[in-house]
Amino acid sequence: MTRNFIETMRDAAFVFINGEIFQASYVRVPDETTVPDDIVLEATRDNSEVELTRLDIDQAVALNAGFFKLKSGMVVRFLPASTLH
């Protein structure tokens, strides 16, 4: 997990996940007390919910334009509220 990942996660109101925009309903920026099973993101869209743990994001790889690829293959980008109008 890179510093850039943590910084973009911090201000997330929305999350772009595999081509779909979800609303970030819970975001916990990982720190030294966060353990692998801790949920760091809950995001919802219609009747769908995505939860990510610290373990899910630990080996995120930065791609272009603020996108990150998780070890599961999921591609995410964190978006602040001002991004969507």
Side-chain angles (χ1 to χ4, degrees):
M1 180 173 32
T2 66
R3 176 171 294 236
N4 192 30
F5 185 92
I6 291 171
E7 290 303 316
T8 59
M9 185 180 188
R10 177 166 300 165
D11 297 325
F14 300 94
V15 187
F16 188 84
I17 302 173
N18 291 339
E20 303 286 337
I21 296 178
F22 288 74
Q23 184 171 6
S25 53
Y26 173 78
V27 177
R28 178 182 178 188
V29 176
D31 59 21
E32 63 278 346
T33 64
T34 311
V35 297
D37 289 341
D38 284 346
I39 293 174
V40 296
L41 174 73
E42 291 180 355
T44 57
R45 175 187 168 93
D46 300 326
N47 293 328
S48 300
E49 182 175 87
V50 174
E51 292 182 346
L52 297 176
T53 65
R54 170 71 187 255
L55 185 62
D56 293 327
I57 67 169
D58 268 345
Q59 296 175 8
V61 176
L63 303 173
N64 296 349
F67 287 90
F68 296 89
K69 186 171 186 175
L70 306 183
K71 66 181 174 182
S72 68
M74 185 182 292
V75 176
V76 300
R77 181 177 184 199
F78 299 102
L79 305 168
S82 61
T83 302
L84 300 178
H85 301 275

query: Applying side-chain hydrogen bond (donor to acceptor under 3.5 Å, both in side chains), which residue pairs with at least one partner in residues 12-27 are found, sequence neighbours left out?
result: Glu20-Arg45
- request: Please check if the side chain of Arg10 supplies one atom and the backbone of Val27 the other of a donor-acceptor pair under 3.5 Å.
  value: no
- request: May I ask whether Met9 and Leu55 are part of the same hydrophobic cluster, defined by side-chain heavy atoms of I, L, V, M, F, W, Y residues being less than 4.5 angstrom apart, directly or through others?
  value: no
field: Those residues that, when tested against Thr44, pass side chain to side chain donor-acceptor pair (under 3.5 Å) (two or more places apart)
entry: none
query: Ile21, Leu63: one ILVMFWY side-chain cluster at the under-4.5 Å cut-off?
result: yes
Shortest non-hydrogen separation from Ala12 to Ala24 and the atoms involved: O-CB, 4.0 Å
message: Using a 4.5 Å cut-off between side-chain heavy atoms of Ile, Leu, Val, Met, Phe, Trp and Tyr, which other residues end up in the same hydrophobic cluster as Val35?
response: none
Residues in ring-ring contact (aromatic ring centres under 6.0 Å, His included) contact with Phe16, at least two apart in sequence or another chain: Phe67
- request: Could you tell me the separation between the CD1 atom of Ile57 and the CD1 atom of Ile6, rounded to the nearest 0.5 Å?
  value: 7.0 Å
message: Which heavy atom of Phe14 sits nearest to which heavy atom of Ala81, and what is that distance?
response: CE1-CA, 4.0 Å
query: Which residue pairs pass the side-chain hydrogen bond (donor to acceptor under 3.5 Å, both in side chains) test with at least one member in residues 65-79, sequence neighbours excluded?
result: none
- prompt: Are Met74 and Ile17 close enough that some pair of their side-chain heavy atoms sits under 4.5 Å apart?
  reply: yes
message: In terms of relative ring orientation, are Phe78 and Phe68 parallel, tilted or perpendicular, with 30° and 60° separating the classes?
response: tilted
message: How close do Thr34 and Arg28 get, counting heavy atoms only, and between which atoms?
response: OG1-NH2, 3.6 Å
- prompt: Can you name the salt bridge (Lys or Arg N to Asp or Glu O under 4.0 Å) partners of Asp11, sequence neighbours left out?
  reply: none
message: Which residue in the set Val15, Thr53, Val76 passes side-chain contact (heavy atoms from CB on, under 4.5 Å) when paired with Leu41?
response: Val15
